[in-house]
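Here is how names work: the chains are called A, B, and so on, in the same order as the sequence lines, proteins then strands, and each is numbered from 1. The analysis underlying the following values was restricted to heavy atoms, covering all of them including side chains, and did not include hydrogens, waters or symmetry mates.
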Amino acid sequence: METWTARLFLSILLSTLAPCLAAQSGQPVDVVDPDLERQEIDIDAIDSEDFEFSIYGGILSIEDFGSDTVIGARAAYHITETLFLEAAYGMSEAGETSFETLSGAAQLLTDDERDFEYYNLSAGLNILPGETFIGSSWAFNTALYVIAGIGSTEFGGDEHFTINFGAGYRMLFNDWFALHVDVRDHLFDSDLLGTEKTVHNIELTAGFSVFF
Amino acid sequence: MTKPIAYIMVLLSLTQFVCAKEEQRVQVADPYIDLHTGPGKGYPKFYVGEKGDWIVLLKRRTTWFKVRLNNDVEGWVEEDQLTATLAPSGERLDIKKLDAESLADRHWAIGISGGDFGGADLVSLHIAYVFTENISTELTLSQALGTFSNNYLYDLSVLHKAFPEWRVSPYFVLGGGQINTDPDATLVETEDRTDDTFHVGVGLELPMARRFSLRLEYRNYLALTSRDDDEEIEQWKLGLHAYF
């Protein structure tokens, strides 16, 4: 007797629940995939390449002293895709002023004083990123950047507070090796030729850099 | 084994150690990922990865990850599109939280600044180690270029941020160091001299983006000279400060 009531009760329960159960178990809906395997990622283990080191060479036009070769090195830290900080050191040797050349013997500066050395700390902005195409099968990432900063220049037996600004073009051959072409103006106040004036020393350089 | 060979072996094993980084393979949990040709928004998107795709995280540059898909397509994905993918298992992190955590993980910072040091033009470079969100220490190298002299400053300071949760965060500076004064060669009685210094200061840090901020700082230096009177010098500077 008891089993009968139990059976009856169960069958009623089943018949009322059946459509509901069928709807639930009929076709599983992928709301959450319980089999999703998630791996712990160690982000610090991924190689980050935010630093860039470059060497460069080119021509520096030293105001009143002609144009001479310049060589130098730069280290940059890329903060965002747009902004980077850069420290640079470069050296050159000044030639003679027109006066020295024409007069023959008169020398304004000693050999030591002709050494032109500078360092600067600058901030740069990558603008106009893009790709450049060489032939039909090569595409390289490029960016044009503007940069400005402050530093010091040792020239003519004195050190001068120097402002630099300019623009450059970076072409990446792969992820970590790039070609740079830069134009910079180094401005400082000098009284080397009697009266104090602001001198412009325009530098045109090319170099290679590696990201690490 | 001769010594040079031993050195080379050691060096090689060291490079092995440095280079042997575990491949970070992960399944995309975000709805989709855009692959760019370069690490920047300006570089074109050329491929889209789907949720559920397996990707290998190859390298990072600033806020971009270079990834390789299963079909060997490689491209750059911005961090913002990988928040769910990079979050620890089962957790859903919002970007702000991820940022705050990643910034808390960054212990080193560098910065450049310029300003005025007792009337002379100042150029300054610093490297900082961040202990907690309140306390950090800084090593600063500066050059002050004046009309009559040229100074080099070497400072070690402790910085205290009293309210790190404020958007514009004030901080206090206390430290010591040395000042090297090199008078202009054209002046008479020139003599290089080095003096010990102490400094106190205050500053304001204004975050500009995820990893860098703008800093305005005032420091009052006391140079303990060998002359009768100690010298007090004021320094103002404005600069950029970046965490890495």
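With a threshold of 4.5 angstrom between heavy atoms, B:Lys66 approaches chain A through side-chain atoms but not through N, CA, C or O. Contact annotation for A:Leu121: both backbone and side-chain heavy atoms come within less than 4.5 Å of a heavy atom of chain B. Looking at A:Phe84, there are no atoms closer than 4.5 Å to chain B (heavy atoms on both sides), in backbone or side chain. The part of A:Ser122 that comes within reach of chain B is its backbone (N, CA, C, O), which places non-hydrogen atoms under 4.5 angstrom from that chain. Residue contact with chain B, scored on non-hydrogen atoms closer than 4.5 Å, involves the side chain of A:Leu83 exclusively.
Looking only at side-chain heavy atoms (C-beta outward), B:Asp121 and A:His160 stay at 4.5 Å or farther from each other. Contact check for A:Tyr119 versus B:Gln143: side-chain heavy atoms found under the 4.5 Å cut-off. In this structure, the side chains of A:Leu85 and B:Leu240 come closer than 4.5 Å at one or more pairs of heavy atoms. Taking the side chain as every heavy atom from C-beta outward, A:Glu49 and B:Arg60 never approach each other to under 4.5 Å. Residues B:Thr62 and A:Ile79 form no side-chain contact, since every pair of their non-hydrogen atoms from C-beta on lies 4.5 Å or further apart. Residues A:Glu131 and B:Thr37 are in side-chain contact: their nearest non-hydrogen atoms beyond the backbone lie under 4.5 Å apart.
The distance from the CG atom of B:Leu58 to the CG atom of A:Asp47 is 10.0 Å, given to the nearest 0.5 Å. Separating the OH atom in B:Tyr152 from the OG atom in A:Ser152 is a distance of 6.0 Å, to the nearest 0.5 Å. The distance from the CD1 atom of B:Ile112 to the CD atom of A:Glu86 is 9.5 Å, given to the nearest 0.5 Å.
When all heavy atoms are compared, the tightest approach of B:Gly42 to A:Pro129 is CA-CG, 3.7 Å. Scanning all heavy atoms of the two residues, the minimum distance from B:Arg61 to A:Leu172 falls at NH1-CD2, 4.3 Å. Summarising the geometry of B:Tyr243 relative to A:Tyr77, their closest heavy-atom pair is O-OH, 3.2 Å, with the distance given to 0.1 Å.
The 12-atom threshold is not exceeded at CD1 of A:Ile55, counting heavy atoms of other residues, nucleotides or ligands nearer than 6.0 Å. More than 12 heavy atoms of other shown residues, nucleotides or ligands fall within 6.0 angstrom of atom OH in B:Tyr129. Counting non-hydrogen atoms of neighbouring residues, nucleotides and ligands closer than 6.0 angstrom, the NZ atom of B:Lys45 reaches no more than 12 such neighbours. Around atom CE of A:Met171, more than 12 heavy atoms belonging to other residues, nucleotides or ligands sit under 6.0 Å away. Atom CG of B:Leu238 has more than 12 heavy atoms from other residues, nucleotides or ligands within 6.0 Å.
With A:Glu81 contributing its side chain and B:Lys41 its backbone, the two residues share a donor-acceptor pair below 3.5 Å.
Salt-bridge check for A:Asp175 with B:Lys59: passed, with a basic side-chain N closer than 4.0 Å to an acidic carboxylate O.
The ring-ring contact (aromatic ring centres under 6.0 Å, His included) pairs that include a residue from residues 23-46 of chain B are B:His36-B:Trp64, where partners are two or more places apart or lie in different chains.
In terms of non-hydrogen atom pairs under 4.5 Å with chain B, the most contact-rich of A:Thr82, A:Thr80, A:Asn141 is A:Asn141.
Within residues 68-76 of chain B, the residues having any heavy atom under 4.5 Å from a heavy atom of chain A are, by residue number, B:Trp76.
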